Every structure is written in structure tokens, then in C-alpha cells.
Amino acid sequence: MTELHPVLRRLGMTTPIVQAPMAGVSTPALAAAVSEAGGLGSLGLGAMSVEAARAAIRETRRLTDRPFSVNLFCHRSEECAPDRAAAWLEWLRPEFARYDAVPPESLREIYLSFLDNDAMLTMLAEERLALVSFHFGAPSAHAANVLRRSGALLATSVTSVLEAQVADAAGMDVLIAQGHEAGGHRGVFDPQGADRKLPLHTLLGELSQTTSTPLFAAGGLMNGRDVAAVLQAGACAAQLGTAFVAADESAASPAYRTALAASGSASEGDVTVMTSAISGRPARCLVNRFTALGARNDRPATPPYPYAYDAGKALDAAARAGGESGYGAFWAGSGVRRSRFIPAAQLVATLTREWRAGGAESA
Ligand SMILES: Cc1cc2nc3c(=O)[nH]c(=O)nc-3n(C[C@H](O)[C@H](O)[C@H](O)COP(=O)(O)O)c2cc1C
């Protein structure tokens, strides 16, 4: 059996499986089950208040003594021009009207970036976490120092060599290589910048040539064969999101689970698509009414993240009140058809067995 990288041993892992942090979907029960099974469980705290984040950390600690990771969003806050918000809401009005609803009057910045959230930094330092990871960028030098002094390892998602260089300069201990196959938000640092949309294995190839920082690989990984392949390509662990959305302990709603399952029997074509219409940033989602709306060519300029998400959530809520779940932010990666609806511990054990068998056992 392959030796685990020292960074995994420091995190108490006995198998190179990381459950991706997933805002709104990961739960203390999920993170604890994965860590108890020898992987690394993670909490997505990016959409939480400081109080809710602390409560989730404490609840996870109540369920397990093993290390787990927490994750925050480091997007650069942008202003949302009122006329842009107004044009967007007007464009969505007929969609709300289908469900006898009206769009909100204005758009709010529903999540504070960790870059602007000193209270979150103080709480995380007090809680002394094993690994703090980031999405959409790297933390400030000050925040990185405070967290490192509290004993945490630091990681961030990267989608290119350029972002890896920025992350390395910010002193990250681990880089999470996120391929274009990945479910959920693409971790690009600058959503206006050029995106080469690198598939995971191309990205791993480029990163292995340019950085010696340990790599977690993310994007489309669903079974032990996928895990074996990314380890072979230079990663020290596989980070899986979509595979764990289907786990019993996730917070995915019944409608989300039904949509995941339906993708497995979809006849042909892509079942996921990258869209920025839901939140204002590109994210891979199951094809649904919202992604179809986002593909329309009369679409005005989308308000920046997370303002657009305020409208996205309002439209989803209005539609659900009318019995329609087709506007949900049902994030999923390109491997979604291979989802297994089992408890998280069983998924970690299965992935480990398949990986140890060299992938030969994988479905
Ligand atoms: C439902 C869902 C929510 C996600 N939320 C986050 C998040 O809060 N923070 C983060 O760093 N990544 C998030 N991601 C992305 C994952 O970290 C990871 O890149 C992705 O899940 C890997 O691709 P896969 O879903 O095909 O396994 C999310 C992914 C999904 C599917």
C-alpha cells in the first residue's frame, strides 16, 4: 500500500479521501462520519454567520475527536451598480410571475467575504482548527499568520498555475487543484479574468511541474479508480464533493437527491453545465430551469457574486412555494451519474477498498 503523505498523517488521515467542504450541503454529521472513517471531513462555513459557524464546529467536535477542516470564501467584494441589479430583476420578473411572485426590490450582499470578516478570523483562531481552506482566493498575510499561529494548516483551491503561484506566495500548506469537471463554484480568483477551463489531469500535470506544495485533487472524482489515477498523477489526496452530496448525512434536500438520481438514468447529453446565472460566479450545476434561463441570449449582465445569488435564492423559494424545484442550486460535478446513495462511512470504506485494489474494483 502507498505511504500516506506526511500532511495527511498530520491531519490524522488513514486514507487519502477528503470530503469537500460544501456550503449549505456539508453538515457536522457528514464531516464527523468521514473523519471517523479515516478520511478528512470538512465544513463549508462560507455562507454562515460567525455564531452559526462556531456552533457547526462545536457540533462536529461533539461527534468526533478526529481532525476535520473548515472552509471560507475569499472573494474580493464588489459593488453592485443599482441599474445592473434593476435590469437583472426586471429580466427575472416573468419567471417569478409564473409562481405568482415578484422579484425582490433590490439585491443584498448576502455573504461577507472572509477577507472582510475579522470576527470570523478571531473565532477560527480561538477554535484552533486542524486545516482551514479557502475558495475564490487566498487569505490576507495577517489572517494567514493568525491562523497558522493557532496551529492550523492552510489550503486554497486553485484552477491554474498562476493561481497556484499566488497561493504559494501566500504560504498555503496545501493546494486544492480544482479541475473544470468540479461541481459547485469554480474557485477562480478573478471571475473577470481569462479561464483556460483546465480539466483536472491537465491541471495536475501543470502543477506537478511548477510547485512542490502538496496537492489535493478535485473535480469529477467518484470512485476508487478515479482516486488511484489522481494519486498517480501527483496528488496526495482526492477531494470529492458530489460523491458526498449523495451521502445520507448531507443536507441535500429530497428534490436535490431526486435530481442527482435522475441524472444517472438520463439518456444522453451533458447532465451538468457551468452557469453564473444562479449566483453571479461560474458554478457547475445539474441542468435545470435555472441553467436554461442562464443560457438564454437575451440575458443582461449578471450582477456580481453574491448579489445575483440573492435573486437566485428568492426565485428558487418562490418556485418551491409553487411546487417547482427546477430552480435549485443543485451543484454537481461531471461524474454525478455515478453517485452512490449510501452512508458517508460506507462511501469512504468503499473508495478506500477500490483505491487499494488499484481501481480494479470500481464501478
Ligand atoms: C454542493 C457543492 C457545494 C460546494 N461548496 C463549496 C464550498 O463551500 N467551498 C469550497 O471550497 N468548495 C465547494 N465546492 C467545490 C468542492 O470543493 C470541489 O471542488 C468539488 O466538489 C469537486 O468536484 P466534484 O463535485 O465533482 O467532486 C462545492 C461543491 C459542491 C458539489
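What you see is a predicted model; the values in this text were computed from it and never measured. Atoms within a ligand are numbered from 1 in the order they appear, just like the ligands themselves.
- When all heavy atoms of Leu115 and Cys74 are compared, the pair lying nearest together is CD1-O, 3.5 Å.
- The residue from Pro21, Gly184, Ala20 that puts a heavy atom closest to atom 13 (C) of ligand 1 is Pro21.
- For ligand 1, the polar-atom distance check finds no N/O of Ser334 at less than 3.5 Å from any of the ligand's N/O atoms.
- Those atoms of ligand 1 with a heavy atom of Leu240 less than 4.0 angstrom away are 27 (O).
- Atom 17 (O) of ligand 1 has Gln239 NE2, 3.1 Å as its closest protein atom, hydrogens excluded (heavy atom only).
- Here salt bridge (charged side-chain N to carboxylate O under 4.0 Å, His left out) pairs that include residues 144-173, with residues two or more places apart or in two chains, number zero.
- Taking the ring centre of Phe136 as origin, the terminal cationic atom of Arg281 falls inside the region bounded by 6.0 Å and 45° from the ring axis.
- For Gly46, the closest heavy-atom approach to ligand 1 does not fall below 4.0 Å.
- Using a 4.0 Å cut-off between heavy atoms, Asn71 contacts ligand 1 through its side chain alone, with no backbone atom that close.
- Nearest protein heavy-atom contact of atom 15 (C) of ligand 1 is Gly183 O, 3.4 Å.
- Here's the thing with His185: none of its N/O atoms is less than 3.5 angstrom from an N/O atom of ligand 1.
- Protein heavy atom in closest approach to atom 5 (N) of ligand 1: Met22 CA, 3.2 Å.
- Contact atoms of ligand 1 toward Thr242: 24 (P), 25 (O), 26 (O), 27 (O), 31 (C) (distance under 4.0 Å to a heavy atom of the residue).
- With no hydrogens or angles considered, no side-chain donor-acceptor pair links His135 and Thr156 at under 3.5 Å.
- Remark: Asp298 CG is packed, more than 12 non-hydrogen atoms of other residues, nucleotides or ligands lying under 6.0 Å away.
- For Phe73, the closest heavy-atom approach to ligand 1 falls below 4.0 Å.
- On a distance-only criterion, Ala332 and ligand 1 share no N/O pair closer than 3.5 Å.
- A heavy-atom separation below 4.0 Å is found between Tyr256 and ligand 1.
- Taking atom 21 (O) of ligand 1 as the reference point, the nearest protein heavy-atom neighbour is Gly241 CA, 3.3 Å.
- Contacts classified as salt bridge (charged side-chain N to carboxylate O under 4.0 Å, His left out) and involving residues 118-130 (residues at least two apart or in different chains) are given here: Arg54-Glu126, Arg54-Glu127, Arg58-Glu127, Arg61-Glu127.
- For the pair Arg289 and Glu324, the salt-bridge criterion is met [side-chain N within less than 4.0 Å of a carboxylate O].
- Between Gln178 and ligand 1, an N or O atom pair is found at a separation short of 3.5 Å.
- Considering all non-hydrogen atoms of both residues, Ala47 and Phe73 come closest at N-CE1, 4.2 Å.
- Using modelled atom types and a 3.5 Å distance limit, the side chains of Thr272 and Arg284 yield a donor-acceptor pair.
- Of the protein's heavy atoms, Ala23 N, 2.9 Å lies nearest to atom 8 (O) of ligand 1.
- The pair Arg338-Asp226 counts as a salt bridge, with a side-chain nitrogen and a carboxylate oxygen less than 4.0 angstrom apart.
- Among protein heavy atoms, the minimum distance from atom 26 (O) of ligand 1 is reached at Gly220 N, 2.7 Å.
- Not a single N or O atom of Val25, backbone or side chain, sits closer than 3.5 Å to an N or O atom of ligand 1.
- The existence of a salt bridge linking Arg340 and Glu354 is confirmed by a sub-4.0 Å separation between a basic side-chain nitrogen and an acidic carboxylate oxygen.
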